[in-house]
Amino acid sequence: MSTGNAYEALNDAAGDARWAYGTGFADPLAGVDTRLPDGVDGADLGAYCLMLGDDALVMSHRLQEWVTRAPELEEEVALANVALDLLGQARLLLARAGQADGSGRGEDDLAFHREPHEFRGVLLAEAENGDFAHTMARLLVFSTWRLALLDRLRASRDPVLAAVAGKGVNEVAYHRDYAAGWVVRLGDGTALSRERMAAGLAAVWPLTGELFAAHEVETRLVAAGVAVDPAGLREEFGAVLRQVLAAATLDAPPLPVPGAAAGRSGEHTGALRDLLAELQGVARGLPEATW
Amino acid sequence: MTGSSWPLYEVFVRSKRGLNHVHVGSLHAADDETALRHARDLYTRRNEGVSIWVVRSAHITASSPQEKDPFFAPSGDKVYRHPTFYAIPDDVPHM
């Protein structure tokens, strides 16, 4: 900022910069080319955006369930912030999905007017919350995996996915850090907190195999340079988990064996049906409502 | 929600355009590190901050309201402590 007057620089009244607090918000898609990249199948890209978007949407909803129920007010806001970050990612991804697959469905159409079998998120996201330690175990696993994924997705040939990933990396890095802090604190805490942390981890671990299984859509898009191969995330995931669990003085389970891509194929548990009943209830009950 | 057993912390945030840290509020946290995390989550949600300080409230020594007059009234009539005899250029705001 070069002006002839030092006071002008301090008193810059241009735009919203005159506000001392809360300025400089950036649109993550500003200047991003939203056309489909050459040689990429729109239906596949749409399906892939649904996968990553549904992971975020459903995980966000599970975290929102803690609002008014968290052990401390400060933790409640922290969990709500994480949920809002993921909701923001979901909105961009669902909007891209409806655009890429040519259906013209908006983010709300996709969030509120699909049936459970049309959702493409992983089962890890939809499972019940359990207690706080269980939720922290799930958040650590989810954000470690998602951070590894988004980090690689920044190099995607789809400029929108690359931009969403670029925005998401900083967010999810904080989520992982937050969850890891609690896993260490509870694991290396009292006998009771340790027992609950170990139980939460044991409950979550069977759901991790699916995270490293590639659906056929992902396999095709990996070849096209658009998607990230989930199998390639396994080593980094294992290394991070081992490090956190060692600090938490908890036993690290063996690396998950890649399982079937159940959620990616629309095969879900009753937990998702119940979750969607709440998530979609208002939008379906009051179809003319706006907010 | 029951009363928190965690100690109270005071939070100071330096905004992007601010030159110093400003007191913005308080929070409960289990330790210094979580206090910093909580401060980030509670007080920089609207893109306000570039730096955060947290300090245990118990570590702050404050002037008491009863001492207000002896502390501050004596400076109330010493107008000569302001440099009012300088001419202020027209383009200098906020003086």
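Letters A, B, ... mirror the listed sequences (proteins, then strands); counts begin at 1. These numbers come from a predicted model, not from an experiment.
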_Residues, nucleotides or ligands: over 12 heavy atoms within 6.0 Å of A:Arg185 CZ_ = yes
_For the CG atom on A:Asp274, are there more than 12 heavy atoms of other groups (residues, nucleotides or ligands in this structure) within a distance under 6.0 Å?_
yes
*Which members of residues 125-153 of chain A, sorted by number, sit under 4.5 angstrom from chain B on a heavy-atom basis?*
none
*Can you tell if the side chain of B:His28 reaches within under 4.5 Å of the side chain of A:Leu73, non-hydrogen atoms only?*
no
_Main-chain N/O of B:His38 paired to A:Glu74 side chain as donor or acceptor, under 3.5 Å_ = no
*asked:* Distance to the ring centre below 6.0 angstrom and angle to the axis at most 45 degrees; does that hold for B:Arg40 and A:Tyr178?
replied: no
*Checking B:Arg37 against chain A: side chain, backbone, both or neither under 4.5 Å from a heavy atom?*
both
*Quick one: does B:Asp41's side chain have a donor or acceptor within less than 3.5 Å of a partner on A:Val77's backbone?*
no
